[in-house]
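Structure, as structure tokens:
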Amino acid sequence: MDPTHTLAAGPIVIGLAGGLALFLFGMEQIAGALKQVAGGGMKAALARLTTNRYSAAGAGALVTAVIQSSSVTTVLVVGFISAGLMSLTQSVGVIMGANVGSTVTAQIIAFKVTQYALVLVAAGFAAWFLSGRERIRQYGAMVMGLGLIFFGMELMSDATSPLRDFAPFIEVMRRMETPLLGILVGAGFTAVVQSSAATTGVVIVLAAQGFITLEGGIALVFGANVGTCVTALLAAIGRPREAVRAAAVHVLFNIVGVMLWLGLIGWLADVVQAISPASTELTGAARLAADTPRQIANAHTLFNVANTLIFLPFAGLFARLATRLVPDRPVVETGIQPRYLDDVLLDTPAIALDRARMELRRVGERAQDMVEAALGVALDGDRAQLRALEQQDDDVDTLHGAIVSYLGRLSQEALDQARAEQHLDYLEAANDIENIGDLIETNLVAAGVARLESGLHVSDGTRERLVALHRRVADSVRLALEALDANNPEVAQFVLDAKPEIQHLADSSDAYLALRLTADEPDRLALYRFESELVEYLRRVYYFAKRIAKTVRKRDIVFERADGGDRVEGAPVPEPA
């Protein structure tokens with residue numbers, strides 16, 4: 001073949017684009033299935049393993065290796081920072097570790113098993129299509145995704161094979177050995193496709209064809225580490241300051257790391273060649289094609305591991321620099337906004353549901369504050385206090401709307417049976433909490449306004465009974481919300497067990513009010529109506545607290561039946577107040 005001939009670009013471009021599309025789709029399949037199978041466990045692991053910067057780096061690597069998404073890891077980190085469970089300095093370790101976890105993809109695709117690609121696709125599809133068990137279906141999706149990755153690589157390899165004898169292309173690939181050019185090309189390609197894994201996959205495909213030397217492949221992979229910073233920056237647009245700082249740490253770490261190794265590419269290539277398997281029976285281009293893919297994958301891993309170990313001692317410096325680059329904005333009072341509901345997490349249902357739980361805790365705290373204040377304001381509050389109590393429900397309504405909207409978007413994802421039930425439980429709980437707020441805003445406030453307009457004064461005996469009933473109802477609301485947040489059925493049972501006592505307190509209050517109808521007092525009927533309404537409204541508040549508690553108990557029973565064994569104990573049971 002004449003090396004100066006022109007090539008038909010169409011088939012090459014189509015083959016590359018189609019192969020890359022299958023590669024990326026396979027990555028999505030694997031990531032989606034892993035998130036379904038292990039998403040909840042990853043959140044727990046990340047929360048437990050961040051006691052120091054080194055364990056935090058290990059946790060970040062583990063979580064990213066499993067869910068194959070450093071952006072999801074970063075979102076989890078931001079949530080922990082917002083909740084006060086992790087400092088920015090601790091998060092630096094997790095973010096650095098996430099880079100190590102992302103190298104698992106390169107190690108997987110460096111295996112030369114493309115000839116088995118369609119076998120994996122067929123086997124994975126069979127498991128996904130034929131099994132009735134959700135976990136088996138997810139494992140099938142993972143295997144099918146792996147097959148699609150290898151099949152996409154094979155298509156890209158076939159598409160680029162005509163370039164072996166095309167002199168202009170060979171010359172361009174030779175120039176990739178120039179570090180700056182290789183980094184710029186790798187960064188540009190990664191910024192376009194928004195996936196450093198895709199860049200690494202294409203580099204390994206080209207290396208397997210003998211087009212790229214190890215030094216050129218390392219430069220392109222370095223560029224992929226720079227280009228992925230664009231993804232981090234785009235993801236941070238419009239996000240809380242904690243998210244922007246986490247993205248800044250990511251960008252600083254990647255760029256400084258590449259700059260550190262810029263003059264050491266040759267040395268890194270020598271180290272990788274020394275530690276990687278070698279095809280000594282081959283020579284020339286054949287050996288280059290056989291050995292370089294694995295060497296590039298190893299260089300990618302070694303680069304990220306070494307950078308993490310080098311920079312971890314300076315985690316505090318990175319945190320301070322990110323804080324200086326992204327200072328706090330002046331506080332502008334714009335009303336309450338959801339804190340934990342991040343759309344990036346919607347394709348990881350276990351974690352998205354946990355974020356909904358955290359937001360439910362926030363709206364529950366506001367509803368609980370309303371319950372605590374309701375009786376005192378209704379009995380003795382002036383118009384300003386009644387108005388303030390009424391306005392507290394605006395926060396409840398805002399957060400309730402955000403939670404319901406978020407859960408609505410989450411329902412469009414593939415949820416297994418357990419998470420679908422949890423999704424419904426959270427939706428019902430959100431509505432129950434909003435009903436508590438609405439009951440106080442609409443009914444108790446209205447009763448307080450009527451008291452003011454009529455000049456009513458409640459007797460000490462009636463007040464004593466109302467206060468006792470209110471205290472028990474408020475305790476039940478508090479315990480129901482604690483049970484929901486901790487998924488603790490024992491705490492929920494306290495709420496259910498309070499029914500006879502609350503019923504007795506309400507009935508005895510009604511009986512006492514009925515006896516007082518004969519008292520010789522002005523506005524006796526109006527006062528009776530007001531006091532009876534308060535008793536009834538407190539009954540209804542307890543009703544919604546009981547509904548929340550029943551939701552927690554129901555989920556516990558379902559879990560016991562599905563698990564077939566002993567239920568895992570929840571959080572410690574608090575003593576009822």
Side-chain angles (χ1 to χ4, degrees), residues 12-13 16-17 19-20 23-24 27 70 99-100 102-110 149 152-153 156-157 159-160 163-164 166 168-232 251 253-273 276 285 288-307:
I12 296 175
V13 172
L16 273 172
L20 183 60
F23 179 96
L24 291 172
M27 287 289 298
S70 58
N99 273 26
V100 176
S102 66
T103 67
V104 171
T105 304
Q107 293 293 342
I108 291 174
I109 63 182
I149 286 175
M153 291 178 63
M156 288 190 285
S157 178
T160 55
L163 297 171
R164 290 177 180 175
F166 188 54
F169 181 78
I170 294 172
E171 179 60 26
V172 169
M173 289 297 99
R174 189 175 293 120
R175 292 179 183 175
M176 292 301 108
E177 294 182 20
T178 304
L180 283 176
L181 180 60
I183 290 171
L184 287 174
V185 170
F189 185 79
T190 303
V192 170
V193 300
Q194 293 287 292
S195 172
S196 59
T199 302
T200 306
V202 171
V203 170
I204 288 176
V205 166
L206 294 175
Q209 295 278 24
F211 291 146
I212 300 178
T213 64
L214 176 56
E215 289 80 1
I218 291 174
L220 287 166
V221 169
F222 281 6
N225 277 268
V226 175
T228 196
C229 294
V230 174
T231 304
V251 171
F253 174 60
N254 282 17
I255 292 178
V256 173
V258 169
M259 291 173 62
L260 178 67
W261 288 85
L262 188 59
L264 301 174
I265 289 179
W267 178 82
L268 179 60
D270 292 338
V271 172
V272 168
Q273 286 174 330
S276 301
L288 186 70
D291 293 347
T292 306
R294 172 57 55 195
Q295 292 169 354
I296 290 174
N298 289 342
H300 189 204
T301 300
L302 184 60
F303 162 74
N304 281 289
V305 170
N307 275 352

- side-chain contact (heavy atoms from CB on, under 4.5 Å) with Ile212: of Ile204, Val202, Thr292, Leu220, only one passes, and it is Leu220
- Item | Leu302: partners by side-chain contact (heavy atoms from CB on, under 4.5 Å), with sequence neighbours left out | Leu268, Val271, Val272
- Message: Could you report the tightest heavy-atom contact between Ala224 and Thr190, atom names first, then the distance?
- Response: CA-OG1, 3.2 Å
- Query: Looking at residues at least two apart in the chain, or sitting in another chain, which of them share a side-chain contact (heavy atoms from CB on, under 4.5 Å) with Ala269?
  - Reply: Leu214, Glu215, Ile218
- Using side-chain hydrogen bond (donor to acceptor under 3.5 Å, both in side chains) as the criterion, list what pairs up with Thr200, not counting sequence neighbours. none
Let me check something: any side-chain donor-acceptor pairs from residues 180-188 under 3.5 Å, sequence neighbours excluded? List them with distances.
none

- Item | Residues which pass side-chain contact (heavy atoms from CB on, under 4.5 Å) with Thr103, listed by chain and number, not counting sequence neighbours | His300, Thr301, Asn304
- Message: To check you understand the geometry: which heavy-atom pair defines the closest contact between Ile296 and Ala207, and what is its length?
- Response: CD1-CB, 3.7 Å
- What residue pairs, at least two apart or across chains, pass side-chain hydrogen bond (donor to acceptor under 3.5 Å, both in side chains) with a residue in residues 253-267? Asn99-Asn254, His250-Asn254, Trp261-Asn307
